[in-house]
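What follows is a short report on a single structure.
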Amino acid sequence: MNPPIVTAGMDEYEIDYLFDLHGYLILKNAVPREDVAQMNKWVDDHWEYVTNPGQRFGPTAGGQWIGNVETHTYSGEDGCNFQNIAEAGGVFQRLIDYPAWIGHIRRYLNPQNGVTIHENLLNIRGKGGYIGIHGGGHIPYSYLTFRQPNTAEWMVGQINVITALRDIGPGDGPTTLIPGSHKSAMPHPALRDPKGGNTVYRSDKAAGLARGMVEVYAEAGDVVMFTDTVTHGSAERTSEGYRRMVLYRYSPRWIRTRFNYQPSAEFLAGLTREQREIIEPIAPRWNPAAAGR
Ligand SMILES: O=C(O)CCC(=O)C(=O)O
Ligand SMILES: [Fe+2]
């Protein structure tokens, strides 16, 4: 099967058809070289956090703070995450509503739902690292919708946008997914519920080896955009060195942030109106007389 590659000037209907059918798109050359270079420089400047295992933490433990960016790992194997990377500013701020994808995001979430960011991070993953197989159209999570079932309107509950900062090819631990699985009512064989329900979200097996998976390759500056509903994960990295990518997850404004990082005052002040509506779609509200605010 040919991967659903989107190139400049492609007809929107064709793009939508591919996204609907496969559950993902590869946006070629979506992020220009200068922006990729800026992000790689940030990684180089903060490499000590990646290589010092003492600064990798389990999902519930606190990480190291770089301003309002926090280091973190989900499982250890998935590598080092710099969570809340949008607060690193510059290009990371511009990614919030990057022109290459924000129009697709607004359309697929459905403009009536607005847009917010559920999670944003920069991930560095070394040899042996991977992500277990997870997701699928069978799971009754409110953010794993794809269309309004009565009218077939777009109603995608979450779209992941991965920007490759280095080329990601065979052996480099690419994202893997099962095209079309966002529409499957049956759990993947690795996600079967022993009691016959639809409760198993994730397995620890590297997703690359699971039945039906395809590896999604990307060159630096390409973007892999997929509904979180598609069954996915990543292959184990077998090459030397590290995979570098940035991930912004978009959801309707009704869905709360994953970790509830509170935007710093400086960050908020530097956002454009459109960016602010995404980062803080609902302004905080409290009794002005309350203490401590
Ligand atoms: O690390 C990867 O390639 C997959 C990341 C993932 O599971 C996600 O974006 O939801
Ligand atoms: Fe995922």
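The shown structure was predicted, so the numbers you read here are calculated from the model rather than taken from an experiment. Indexing begins at 1, ligand by ligand and atom by atom, following the structure's order.
- Summarising the geometry, atom CD belonging to Glu236 is positioned 12.5 Å from atom CG belonging to Asp172; distances are rounded to the nearest 0.5 Å.
- Salt bridge annotation for Lys28-Glu219: present, with a cationic side-chain nitrogen under 4.0 angstrom from a carboxylate oxygen.
- Members clustered with Ile139: Tyr141, Tyr143, Leu144, Tyr201, Ile255, by chain and number, using a 4.5 Å side-chain heavy-atom cutoff among hydrophobic residues.
- When the options Asp78, Ile131, Asn123, Ile168 are ranked by their closest heavy atom to atom 5 (C) of ligand 1, first place goes to Ile131.
- In Asp228, the part holding a heavy atom less than 4.0 Å from any atom of ligand 1 is the side chain.
- Counting only protein atoms, the N, O or S atoms lying less than 2.8 Å from the Fe ion (ligand 2) are His134 NE2, His232 NE2, ordered by chain and residue number.
- Using a cutoff of 4.0 Å between basic side-chain nitrogens and carboxylate oxygens, Arg244 and Asp44 are scored as salt-bridged.
- Taking atom 4 (C) of ligand 1 as the reference point, the nearest protein heavy-atom neighbour is Gly233 O, 3.7 Å.
- Between Arg107 and Glu12, at least one side-chain N (NZ, or NE/NH1/NH2) sits under 4.0 Å from a carboxylate O, which counts as a salt bridge.
- Proximity to His232 (heavy-atom distance under 4.0 Å) selects the following atoms of ligand 1: 6 (C), 7 (O), 8 (C), 10 (O).
- Looking at heavy atoms from C-beta onward, His46 lies out of side-chain contact with Val50 at the 4.5 angstrom threshold.
- By the criterion of a heavy-atom distance under 4.0 Å, the side chain of Arg243, and not its backbone, is placed next to ligand 1.
- Residue Tyr248 does not touch ligand 1, judged by heavy-atom distances below 4.0 Å.
- Under the 4.5 Å side-chain criterion, counting only non-hydrogen atoms from C-beta, Tyr242 is not in contact with Arg166.
- Between Thr71 and Phe82 there is a side-chain heavy-atom pair separated by less than 4.5 Å.
- Both the backbone and the side chain of Thr175 come within 4.0 Å of ligand 1, judged by heavy-atom distances.
- Checking Gln275 against Gln93 by side-chain atom types alone, a donor-acceptor pair falls below 3.5 Å.
- Distances below 4.0 Å separate heavy atoms of Phe226 from the following atoms of ligand 1: 8 (C), 9 (O).
- In terms of protein heavy atoms, atom 8 (C) of ligand 1 is closest to Arg249 NH1, 3.4 Å.
- Proximity of Leu247 to ligand 1, defined as any heavy-atom pair under 4.0 Å, is confined to the side chain (atoms from C-beta onward).
- A salt bridge does not link Arg125 with Asp78: none of the charged nitrogens is closer than 4.0 Å to a carboxylate oxygen.
- Of all atoms in ligand 1, listed by their number and element, those nearer than 4.0 Å to a heavy atom of Met245 are 1 (O).
- Between His104 and Tyr108, the ring-plane angle classifies as parallel under the 30° and 60° cut-offs.
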